[in-house]
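As structure tokens, the structure follows; a few thoughts come after it.
Throughout, numbering of the chain's residues begins at 1 and tracks the sequence.
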Amino acid sequence: MRKLALFLMTGMFLISCKPKTDTTGMIHLSLVHNWEFRQADTGTWMPARVPGTVHTDLLANHRIEDPFYRLNERQLQWIDKIDWEYRTIVKADRNLMQKEHIDLVFAGLDTYAEVYLNEELILQMDNMFRTWRVQCKDHLKLGDNLLRVRFLSPIAEGLKKLQAQGYPLPASNDQSETGGLGDQRVSPFVRKAPYHFGWDWGPRLVTSGIWRPVSLEAWDDTRIRDLYINTKNLDRNQADLEVQFQVLASQGIRLDARIYVDSVQMLEEQISLLPGENTIALPVKIQHPVLWWPNGMGDPKIYRIRVVLGKGEEITGEAEISAGLRNLRLVQDPDPDGSGKSFYFEVNGIPVFARGANYIPNDVFLTNVTPDRYESIIRSAAEANMNMLRIWGGGIYENDLFYDLCDQYGIMVWQDFMFACSMYPGDDAFLESVRREAIDNVKRLRNHPSIVLWCGNNEIETAWAEWDENRGWGWKQQYNSEQRREIWKAYDTLFHRILPGVVAAYDPAVPYWHSSPSAGFGQLAGYDTKSGDMHYWGVWHGLHPFSDFRKYRARFMSEYGFQSFPEFSSVKRYTLPEDYDIESEVMMSHQRSGIGNLRIRQYMEPDYPVPDDFEQFLYVGQLLQADAIKMAIECHRTDMPYCMGTLYWQINDCWPVASWSGIDYYGRWKALHYFAKEAFKPVILVMDEKEDNVRVHIVSDLPETQTAMLVMKLIRFDGQELWTDSLPVEIPARSSAVYFEKEIAGFGTTNTVMVVSLRAGDVHTDSGFHYFVRPKYLKLTNPDISFEVSETESAFEVTLASKALARNVFLTAEGFGGQFSDNFFDILPGDHVKVTFPRSGTLEEFKDHIKVLHLQQTM
Ligand code: BMA
């Protein structure tokens, strides 16, 4: 008790957060300050950050070492086995206490938590993905109030559930062994981000904590919630909207409702409220609406829509949201010959080829992801000409900011529900928890025009393979018939009833797809399906050659990938020089795919010289990955309109690791991201070889026909031009075709490159290089690269020149934040290439830190 009194006293001296009162008189009191934490019931209280996690608080208090450094993760496995507690003082002043209603709102608690207000238990939670709100006026007193949250070990709770189930459930990526749990995999039972339990690109760090903001909300008469814009009809001339919301009213009352669109009042109407919850729907028409468009198709217009309730001048309730107007369809039309079905998104009546990647959470410690990091990843996606990200089901339903940014940058979101690579329990409590979780998140996110699909899960349908005894990942065969029936029933209930039911009820304009990949209900996805979406892992897992990306066709390719390491300057941040070997214990611990290093070598050997030098090995590995994914993207795009989407695995990382990512944990673009930027341009040239010929394809995602000139050259590595030809071309809107073919014999050799460019008038729209042999057989000579640096107000400009052909020139400026506007590019002899880098420090310093690596050096 003495300790508590002391804490209450010291609490008074800590910075307190000022309550904010809005125009309606509603008080918002943010409770993210002055928290302390400790191991439950014992130990000393230490300062804590909210939102935060136990791990990050232990680190900040120097109780543990950096979890991402070398092998430290292994020492931290005790943290998830015990309980933790957090506390703060809530100061309730007269103003607050006079309010009729006071709610305590937790936007997210990870995961099993008991909340005590003045030592009375007021809330128990068991689902990280839900929002929790509890009326707490009866438990609050004027002055200081102790708010305490006790987090129960997610492992101890999970083990109880596993025991209750009586048999284990499959969870392929749960690294229970690392956690000291043997084969007891608890992740399917715990509604918590699945990747926290480990993945084939992630560590096992099972967090607890107050991971989203917490606040008090106090009001008197009315409170508006769940404001939702339901687009009834939308065309060029008019948008017919239904503005829906709930009003909680203390008493029966008549009020004026006003609706503003971008600050212009569009409607005023009297509404009658009954005491309690009221559902209101008001019609609003916008003349000549401005539509929301995906990146590259037009501006992503965002409207601000505000609802105000009141009487005369007095405002009693107010709510505002952002929304975008777009017509959306997932088109699955039967093919004319009846063999399959299309699978593409149509936005505002226009078919969209989806160009993008899969996305995982940006950190194992979610509260370390700053707004800048969110901005950086979404901007990187947009800069790389992407128009879609798939929020993969093993992570989280992202923060609002993520979707705001996707709305602004025109990035469509394929949103999985958080289920991946596991089967799940089917007891009533679990199913009800998931139903509530789905409602919370669909309601929270449904006004974002960027969300174009709700998808049940990642890879579970294909792993279980209910419709074919001999297919799947060998899961179902482990169970007796009764267990199998039980497990499938849970799956069927979750993904074919509960989740689609929630989407239909709360976000009817957005389609639901039950699993990725899937060929459709009752059919199995595989490499031979002509419907649905596909994950093609023949390249990588199946050791297929890169050229098989052309062979395995899909209507929509939602996953495929190839690994690489982060660049050397990134690797240095989590290793010591003695670890500089991809097989060292530390590097292996930052490589979670059992076959990862083997595969990289297996694919590198036939294509590239395999460098002994560690730094060069990392560099060549990145080129290999970039080649693979570039080829895949080109195959999928040239196969349009049969194929209408390509999303590679994966855009980002959640810690420093070898993985399939195109951007490493520290935000550095790998060769892949630069290559993807080129391959995702709206109009691209694709060169490939078929039988004895080299071919030039042009793919256009543009909405109108283009006329252009195709200029082609054959250049020897010493600069000699051996051949040239040009061809006027007309490129139809949204098309893919071959425009030129030439026999290779007597043309392409080991020391020549075919350079093709496309010019529309004076504008150079794309260019591409085609080499006729694998990189390791290229007869490269020392290109003798020279460079000059100049500066503008915001950037350094580096101009490079080379005497002979320079292949895959990789620039680094270690110690300088930011990245080069282009990298891993080729320089033709006699040509100049100019790249920029964000300016910081002096020009001289920057120049001294520039390092140039190119392929010939690895030979
Ligand atoms: C896909 C994903 C992830 C995995 C990746 C690489 O199947 O859905 O589960 O990390 O492959 O193996």
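- Taking the centre of each ring, W454 and Y506 stay at or above the 6.0 Å mark.
- Classification of the Y512-F417 ring pair by plane angle, with boundaries at 30° and 60°, yields tilted.
- Cation-pi check for R444 over Y397 is not met; the charged atom does not lie both under 6.0 angstrom from the ring centroid and within 45 degrees of its normal.
- Rounded to the nearest 0.5 Å, atoms CH2 (W211) and CD1 (I396) are 4.0 Å apart.
- Side chain of S736 to backbone of T638: a donor-acceptor contact under 3.5 angstrom is found.
- Judged by distance alone, the side chain of Y403 and the main-chain N or O of V413 form no donor-acceptor pair under 3.5 Å.
- Here the side chain of N385 pairs a donor or acceptor atom with the backbone of K677 at under 3.5 angstrom.
- Not one N or O on the side chain of N362 forms a donor-acceptor pair closer than 3.5 Å with the backbone of N652.
- Checked by atom type, the side-chain pair Q563/W540 shows no donor-acceptor distance below 3.5 Å.
- When side chains are defined from C-beta on, L453 counts as touching F345, because their heavy atoms get closer than 4.5 Å.
- K670 contributes atom NZ, which lies 10.0 Å from atom CZ of F824 (distance to the nearest 0.5 angstrom).
- There is no side-chain donor-acceptor pair under 3.5 Å between N348 and R326.
- P566 and L618 make their closest contact through O-CD1, 3.8 Å (heavy atoms, listed as atom of the first residue, atom of the second, distance).
- With rounding to the nearest 0.5 angstrom, the CG atom of L366 is 9.0 Å from the SG atom of C654.
- In terms of heavy-atom proximity, E559 sits nearest to N358 at CG-ND2, 3.5 Å.
- Shown here for S380 and H673, the closest heavy-atom pair between the two residues is O-NE2, 2.9 Å.
- The shortest side-chain heavy-atom distance between I378 and L389 falls under the 4.5 Å cut-off.
- Salt-bridge formation is not detected for the pair K851/E814: no Lys NZ or Arg NE/NH1/NH2 atom is positioned less than 4.0 Å from an Asp or Glu carboxylate oxygen.
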- Task: Please report the C-alpha distance between F675 and I633 in whole Å, then the side-chain angles of each, then the deciding distance to 0.1 Å, and finally whether the side-chain contact (heavy atoms from CB on, under 4.5 Å) criterion is met.
- Result: CA-CA 10 Å; F675 279 38; I633 294 170; over 6 Å; no
- Item | W414 vs F556, ring-ring contact (aromatic ring centres under 6.0 Å, His included): CA-CA, chis, key distance, verdict | CA-CA 12 Å; W414 169 311; F556 193 105; 5.5 Å; yes
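- Judged by the 6.0 Å distance and 45° axis criteria, R306 is positioned over the aromatic ring of Y260.
- Judged purely by distance below 3.5 Å, without hydrogens or angles, the side chains of E567 and S569 pair a donor atom with an acceptor atom.
- With contacts defined as side-chain heavy-atom distances shorter than 4.5 Å, the pair D822/W669 does not qualify.
- One side chain, R212 or N399, offers a donor N or O that lies under 3.5 Å from an acceptor on the other.
- A cation-pi arrangement is absent between R734 and F353 under the rule of less than 6.0 angstrom and at most 45 degrees off the ring axis.
- The OG atom of S564 lies 7.0 Å from the CD1 atom of I600; values are rounded to the nearest 0.5 Å.
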- Message: Between D766 and V683, does the side-chain contact (heavy atoms from CB on, under 4.5 Å) criterion hold? Intermediate values first, please.
- Response: CA-CA 7 Å; D766 192 30; V683 178; 5.6 Å; no
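- Taking the side chain as every heavy atom from C-beta outward, L811 and L800 approach each other to under 4.5 Å.
- Classified by interplanar angle (parallel below 30°, tilted 30° to 60°, perpendicular above 60°), the ring pair F680/Y648 is parallel.
- Although no hydrogens or angles enter the test, the distance criterion places no donor-acceptor pair under 3.5 Å between the side chain of E437 and the main chain of F129.
- Between the side chain of R839 and the backbone N or O of T792 there is at least one donor-acceptor pair closer than 3.5 Å.
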- Message: For a side-chain contact (heavy atoms from CB on, under 4.5 Å) check, start with the C-alpha distance between Y674 and F810, then their side-chain angles and the critical distance, and finish with the verdict.
- Response: CA-CA 11 Å; Y674 287 101; F810 174 39; over 6 Å; no
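- Ring centroid separation for the pair F549 and Y536 comes in under the 6.0 Å cut-off.
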- Item | Check against salt bridge (Lys or Arg N to Asp or Glu O under 4.0 Å), D533 and R390 | CA-CA 12 Å; D533 70 321; R390 170 173 173 242; 6.0 Å; no
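- Annotation: W392 is in aromatic contact with W199 [ring centroid separation under 6.0 Å].
- Within the 3.5 Å criterion, the main-chain N or O of M386 finds a donor-acceptor partner in the side chain of N295.
- When all heavy atoms of H535 and S558 are compared, the pair lying nearest together is CD2-OG, 3.2 Å.
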- Query: Hey, mind stepping through V835 and N823 against side-chain contact (heavy atoms from CB on, under 4.5 Å) and telling me if it holds?
  - Reply: CA-CA 8 Å; V835 294; N823 222 334; over 6 Å; no
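- A heavy-atom distance below 4.5 Å is found between the side chains of P300 and W292.
- Ring geometry for F846 against F796 counts as parallel: the plane angle stays under 30°, on a 0 to 90° scale with 60° as the upper cut.
- Minimum interatomic distance between Y560 and L647 (heavy atoms only, all atoms of both residues): CE2-O, 3.5 Å.
- Ring pair Y666/Y574: centre-to-centre distance not below 6.0 Å.
- With hydrogens and angles disregarded, no donor-acceptor distance shorter than 3.5 Å links the side chain of K443 to the backbone of Y228.
- Around the NZ atom of K20, the shell of radius 6.0 Å holds no more than 12 heavy atoms that belong to other residues, nucleotides or ligands.
- Using a 4.5 Å cut-off on side-chain heavy atoms (C-beta onward), W660 and I629 make no contact.
- To the nearest 0.5 angstrom, L758 atom CG is 5.0 Å from L685 atom CG.
- Side chains of K834 and S821: a donor-acceptor N/O pair is absent below 3.5 angstrom, by distance only.
- At a threshold of 4.5 Å between non-hydrogen side-chain atoms, the residues Y303 and I286 count as touching.
- Looking at Y409 and E375, their side chains do bring a donor and an acceptor atom within 3.5 Å of each other.
- To the nearest 0.5 Å, the span separating CG on D57 from OG1 on T367 amounts to 8.0 Å.
- Using cut-offs of 30° and 60° on the angle between ring planes, the pair F546 and F562 is perpendicular.
- Although no hydrogens or angles enter the test, the distance criterion places no donor-acceptor pair under 3.5 Å between the side chain of R373 and the main chain of D363.
- Not a single donor-acceptor pair under 3.5 Å links the side chain of H590 to the backbone N or O of A658.
- For CD of E791, the number of neighbouring non-hydrogen atoms (other residues, nucleotides, ligands) closer than 6.0 Å is greater than 12.
- Note: F402 and Y359 have tilted aromatic rings, judged against thresholds of 30 and 60 degrees for the angle between ring planes.
- Between V686 and R637 the shortest side-chain heavy-atom distance does not fall below 4.5 Å.
- Nearest approach of V347 to P294, heavy atoms of both residues: CG1-CD, 3.8 Å.
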